[in-house]
Amino acid sequence: MIDNTAKRRFQQVNLGTVILLFVLILAGGVVRSTGSGMGCPDWPKCFGRYIPPTDVAELPKDYKQTYVTGRAKKNERFAKTLDVFGYSDLASRLRNDQSVLIPEDFNAARTWTEYINRLLGALSGLFLLITTFYSFKFFGQVNLIPALSIFNLLLVGFQGWLGSIVVSTNLVAWIVTVHMLLALAIVAISITTYHLSKTMGKLNTSIPKWLYMIAVIAVVISVIQITLGTEVREQVDAVAGHFEQQYRERWVNSTGPVFPHHRDTALLVLVANVLLYFLVRRYFNRHSLQQQLMSIIFLLIILQIGTGVALSYLALPPAAQAVHILLASLMFGAQVYLLLNLYKSVNVEVVRR
């Protein structure tokens with residue numbers, strides 16, 4: 001049987017990992033909204049250094065051609081991988097994408113923005129590694145905790161590789177979407193292992209299964225909403241390039257049908273969570289963790305709607321973009337934790353008739 005000290009140590013590191021992952025998502029939003037994704041043209045180093053330069057004078061004269069050549073070679077390797085898996089058309093488009101051959105001018109602010117994002121990614125990976133190490137104490141009692149921890153560590157490794165592809169392919173649209181969805185999966189698994197270590201098998205036997213299913217549907221709708229939001233951002237990038245970074249107030253309305261779909265799905269998110277709120281109020285008392293989580297979810301939805309309005313009517317301010325994706329991720333995390341606590345509650349005396 002695992003002792004309380006080992007359990008508490010795992011929970012502290014696991015919780016720290018979850019917090020770091022949300023900070024990392026915020027940092028990624030800042031990178032995306034400020035156009036700093038190509039601030040470091042190589043990976044895992046930045047301009048061939050562990051600590052990036054602060055001035056262009058610190059770089060060799062031919063640095064642009066050097067990194068363009070390296071990027072082209074990496075893209076060719078990635079294109080061959082796509083060929084192997086049957087994505088020949090996509091591989092062909094990647095090979096013929098001349099935008100990846102356009103050298104980026106050095107910008108110290110963007111370089112350090114991307115570099116800090118990578119440092120946070122490395123720190124999050126380290127915390128996940130420590131979490132996995134401590135999870136071995138649960139072998140024989142809750143085997144799912146170490147199993148999920150190991151899987152999450154592998155997922156982070158894949159996410160890191162995908163991050164290098166994001167840089168190399170000059171932020172190819174669909175890869176950015178997959179990158180975001182993987183981040184949400186890593187967050188969900190980390191929340192799950194934390195929850196499992198807290199509950200150790202205590203079931204909410206009085207909760208009807210359909211309530212649990214409605215909570216699942218609410219989470220799925222939120223994931224769809226985040227995916228559509230990522231696609232809106234991809235279209236905004238394309239529109240911004242078309243307008244040569246001018247006429248910013250016209251970008252949102254020029255994204256095509258994906259923006260109305262994103263907006264309409266937001267209404268579904270609201271309706272699903274209103275329904276869930278009334279059901280949670282029916283089955284759990286006011287001071288329960290479940291009702292507290294629903295209150296947090298509603299607050300996050302309201303704040304997210306506010307930032308969405310700001311993005312639509314204030315010409316996509318970068319700060320609102322980063323906060324918008326953070327709020328969406330926090331809402332997703334709260335929904336996942338609520339879903340887990342509907343099935344196995346941290347506190348067992350919450351159910352009421």
Side-chain angles (χ1 to χ4, degrees), residues 11 14-15 18-19 21-22 25 142 144-145 148 181 183-229 260-309 324-353:
Q11 290 168 357
N14 199 157
L15 181 60
V18 172
I19 294 171
L21 288 171
F22 283 122
I25 288 173
V142 188
L144 191 57
I145 292 177
L148 286 175
L181 292 177
L184 294 180
I186 293 168
V187 166
I189 293 172
S190 293
I191 291 174
T192 300
T193 54
Y194 175 78
H195 175 75
L196 288 173
S197 71
K198 298 279 285 186
T199 59
M200 301 294 286
K202 294 176 284 189
L203 298 176
N204 282 336
T205 55
S206 301
I207 300 301
K209 290 183 179 180
W210 53 264
L211 172 55
Y212 187 74
M213 289 306 301
I214 291 174
V216 171
I217 292 171
V219 173
V220 171
I221 294 174
S222 292
V223 172
I224 294 172
Q225 164 76 349
I226 293 172
T227 302
L228 289 172
H261 293 162
H262 177 61
R263 182 187 56 207
D264 295 343
T265 309
L267 294 177
L268 289 178
V269 171
L270 181 60
V271 169
N273 282 282
V274 167
L275 175 60
L276 192 58
Y277 172 76
F278 284 110
L279 292 174
V280 168
R281 282 195 61 182
R282 177 181 177 183
Y283 285 95
F284 296 89
N285 67 53
R286 182 169 39 173
H287 302 291
S288 66
L289 175 61
Q290 287 79 359
Q291 282 219 37
Q292 292 173 15
L293 285 170
M294 278 307 313
S295 297
I296 292 172
I297 289 169
F298 263 108
L299 175 61
L300 291 170
I301 289 174
I302 292 170
L303 293 173
Q304 194 179 12
I305 290 173
T307 55
V309 170
H324 193 63
I325 190 61
L326 174 64
L327 291 172
S329 302
L330 287 170
M331 183 188 71
F332 168 78
Q335 287 180 313
V336 168
Y337 198 47
L338 172 64
L339 180 62
L340 292 168
N341 275 282
L342 290 177
Y343 182 63
K344 293 183 179 181
S345 181
V346 171
N347 45 347
V348 294
E349 68 280 357
V350 298
V351 179
R352 71 180 185 184
R353 301 293 180 182

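These numbers come from a predicted model, not from an experiment.
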Would you tabulate the side-chain donor-acceptor contacts of residues 210-217 under 3.5 Å, counting partners in other chains and residues two or more places apart, or write 'none'?
none

Worksheet item: What pairs with F298 under ring pair (Phe, Tyr, Trp, His ring centres under 6.0 Å), at least two apart in sequence or on another chain?
Response: Y277
Item to complete: Classify the ring geometry between Y194 and Y337 as parallel (under 30°), tilted (30 to 60°) or perpendicular (over 60°).
Response: tilted
Item to complete: Taking all non-hydrogen atoms of both residues into account, name the closest pair between H195 and L340 and its distance.
Response: NE2-O, 3.2 Å
Discussion item. Rounded at 0.5 Å granularity, tell me how far NE2 in H324 sits from OG in S329.
Written reply: 10.0 Å
Fill in: Minimum-distance pair of heavy atoms, taken over all atoms of S222 and Q335
OG-OE1, 2.7 Å
Discussion item. side-chain contact (heavy atoms from CB on, under 4.5 Å), that's the test. Do L300 and I296 meet it? Break it down for me.
Written reply: CA-CA 6 Å; L300 291 170; I296 292 172; 3.9 Å; yes
Response to the item:
When L339, V336, L338, L342 are each screened for side chain to side chain contact (heavy atoms under 4.5 Å, CB included) with L293, the one that passes is L338
Worksheet item: CG of L330 to CD1 of I325: how many Å apart, nearest 0.5 Å?
Response: 10.0 Å
Item to complete: Please tell me if the side chains of V271 and I221 come closer than 4.5 Å, counting only heavy atoms from C-beta onward.
Response: no
Worksheet item: Which distance, rounded to the nearest 0.5 Å, do you find between the CD1 of I25 and the CG of L184?
Response: 5.5 Å
Discussion item. Using 0.5 Å steps for rounding, measure from the OG1 atom of T265 to the CG atom of L228.
Written reply: 4.5 Å
Discussion item. Restricting to non-hydrogen atoms, name the atom on I145 and the atom on T193 that form the minimum distance, rounded to 0.1 Å.
Written reply: O-CG2, 3.9 Å
Worksheet entry | Partners meeting side chain to side chain contact (heavy atoms under 4.5 Å, CB included) with I305 (sequence neighbours left out) | I301, V309
Discussion item. Among residues at least two apart in sequence or on other chains, which ones pass side-chain hydrogen bond (donor to acceptor under 3.5 Å, both in side chains) with T227?
Written reply: none
Discussion item. Is there a side-chain contact between I191 and V187 in this structure, where contact means two heavy atoms from C-beta onward sitting under 4.5 Å apart?
Written reply: yes
Item to complete: List in chain and number order the residues that pass side-chain hydrogen bond (donor to acceptor under 3.5 Å, both in side chains) with S190, two or more places apart in sequence or in another chain; answer none if no residue qualifies.
Response: N152
Worksheet, complete the sentence: Between H287 and Q292 the two heavy atoms that sit nearest each other are O-NE2, 3.2 Å
Fill in: Interatomic distance, T307 atom OG1 to I302 atom CD1 [nearest 0.5 angstrom]
12.0 Å
Worksheet item: Which pair of heavy atoms, one from A334 and one from I297, lies closest together, and at what distance?
Response: CB-CG1, 3.6 Å
Worksheet item: Heavy-atom distance under 4.5 Å between the side chains of M331 and V269, does that happen here?
Response: yes
Worksheet entry | Student check: side-chain heavy atoms of Q225 and L268 closer than 4.5 Å | no
Discussion item. Under the rule for ring pair (Phe, Tyr, Trp, His ring centres under 6.0 Å), what residues qualify as partners of F22, not counting sequence neighbours?
Written reply: none
